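Treat the numbers as computed from the prediction; the structure is a model and nothing was measured. Letters A, B, ... are given to chains in the order of the sequence lines, protein chains preceding strands, and every chain is numbered from 1.
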There are 2 protein chains.
Amino acid sequence: MARPKAAGRDLREACIAEALKIIETDGVEQLSLREISRRLGVSHQAPYKHFASRDHILAEIVRQAFDAFAAELDGGPHTGDARADMSAMGEAYLRYARAHPLQYRLMFGTPLPNPAEHPDMMHSARHAFALLHDCIGALARQTGQSLADETRVLDALYVWATLHGMASMPQTSAVGTLGLPEGLLQALTGHGMQRMGSAMDAAYPPQE
Amino acid sequence: MARPKAAGRDLREACIAEALKIIETDGVEQLSLREISRRLGVSHQAPYKHFASRDHILAEIVRQAFDAFAAELDGGPHTGDARADMSAMGEAYLRYARAHPLQYRLMFGTPLPNPAEHPDMMHSARHAFALLHDCIGALARQTGQSLADETRVLDALYVWATLHGMASMPQTSAVGTLGLPEGLLQALTGHGMQRMGSAMDAAYPPQE
DNA sequence: ATCAGATGGTTGACACTGTCTACTTTTTGT
DNA sequence: ACAAAAAGTAGACAGTGTCAACCATCTGAT
């Protein structure tokens, strides 16, 4: 009486979908392959035919998240204006984090499975980072500031850190204890982008 | 043959110390009361005399971390110059995160035990936040900008987000996959503080 | 058409975890 | 001195990941 439901590769996708539901409602630490099996009406070993371990299903979820994240970052307009492109990518970054808080937290907020053992996940992660890094590099090139290369890399990291900070803020459980008004955290992204933009304009003044 | 080692309240502290070691080497998800017991040469139930559950020992660790964090934030100089004080507090924030990455990650990077069920932890967290918030409020007052109150709160959140982003950067496991040069991440804090400072100076220009 | 092998299921077992209950020993306040 | 509280012990149970062995179905080559 094998394969009572969800046969073939469908089970693989069904496992991922169910895992996302579990993580969303109960947190990543509550994710268990046995619970997935139970919900799918399947034996507790069935998922192991598709994922070598609990970490492997998590790594696959993270990989898909990085791919979707990269697609969002890369989906914006590619005008000739590096300043505008960077701004658009920053918006895209925050938009993804807002629309997919679960995936964002998995990518940046929880300890990942050992990247060396999950090369696909690592590859997707690097691709997403490369998009952000290239965009910021283009800004540095276009404004033609004669800054040391190290300074440019530091600015790339600075922008990324600021975006990450703003994206993390609503998700940091510590923030939940503060009882801030609802709208404030949403207004933070626009406000912070302006502040960060003024810092960047000071370092890379728009060309006349 | 009760109490073969570490009797009395000593066991409580020994549990916390051992828990920190385990979290440091194996990650927070590997923390188990039984492993603590084993290492301390004590029965698997002994810790339950001091902590009601696994979450309670974690909440106590987080509470101590918030207290130490607040002490670091509050330990800086209290000059009359709000701008200098804020800068010092920012440095203190990053210094703590660098010196105690484990505790910082526990406070801001991992899902906390339900704060409502651990009021001591929540109280310490609020105290630490209040210090940062007050300092930023003083800056707004001192420079006397006629900004809407909401704007000031947003700037407080912006500064906090930026600090958190820079502090998180070296800890985000995703960063580990990028293979950045060693010194860069350390230089990021100073560089980012300058950039953030220029943004804040633009919004709250130093009084003549 | 058949039949070997891969694929995707199954059950069973083991060691590990948190936590409940019940028991014993020690410390302590009056 | 002694009863009560505090701090330890052991045992049991359900939950978990994962290893091993087994069974059913699909598929491709002969």
Checklist entry - Want to settle it: does A:His44 or B:Leu31 sit nearer the 5' end of DNA chain C, counting the closest nucleotide to each? => result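 With A:His44 and B:Leu31 compared, the 5'-side residue is A:His44.
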Item to check | Residues which pass ring pair (Phe, Tyr, Trp, His ring centres under 6.0 Å) with A:Tyr158, listed by chain and number, not counting sequence neighbours | outcome: none
[atom1] of [X] versus [atom2] of [N]: gap in Å, rounded?
| X | N | atom1 | atom2 | answer |
| --- | --- | --- | --- | --- |
| A:Arg38 | D:dT16 | CZ | C1' | 9 Å |
| A:Ile36 | D:dT18 | CD1 | C1' | 15 Å |
| A:Glu29 | C:dG18 | CD | C1' | 14 Å |
| B:Glu13 | D:dA7 | CD | P | 13 Å |
| A:Phe51 | D:dG17 | CZ | P | 14 Å |
| B:Gln30 | D:dG17 | CD | P | 13 Å |
| B:Leu40 | D:dT9 | CG | P | 11 Å |
| B:Tyr48 | D:dA7 | OH | P | 17 Å |

Next on the checklist: Is it the case that D:dG17 (base atoms only) and A:Arg34 (side chain only) share a donor and an acceptor within less than 3.5 Å, ignoring hydrogens and angles?
Outcome noted: yes
Checklist entry - Can B:Lys21 and B:Asp26 be counted as an ion pair, charged N to O under 4.0 angstrom? => result no
Checklist entry - Any salt bridge between A:Arg63 and A:Glu60, counting N to O under 4.0 Å? => result yes
Item to check | Residue mapping more 5' on DNA chain D - nearest nucleotide basis, A:Leu33 or A:Lys49 | outcome: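 Closest to the 5' end, via its nearest nucleotide, is A:Leu33.
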Item to check | Test item: side-chain donor near acceptor, B:Asp67 and B:His127, under 3.5 Å | outcome: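 Looking only at side-chain atoms, B:His127 and B:Asp67 do not form any donor-acceptor pair under 3.5 Å.
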Checklist entry - Reckon A:Ser32 has a side-chain N or O less than 4.0 Å from the OP1 or OP2 of D:dT16? => result yes
Item to check | Nucleotide nearest A:Ala46 (side chain, heavy atoms from C-beta), chosen from C:dT10, D:dT9, D:dG8 | outcome: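 Taking heavy atoms from C-beta onward, the closest nucleotide is C:dT10.
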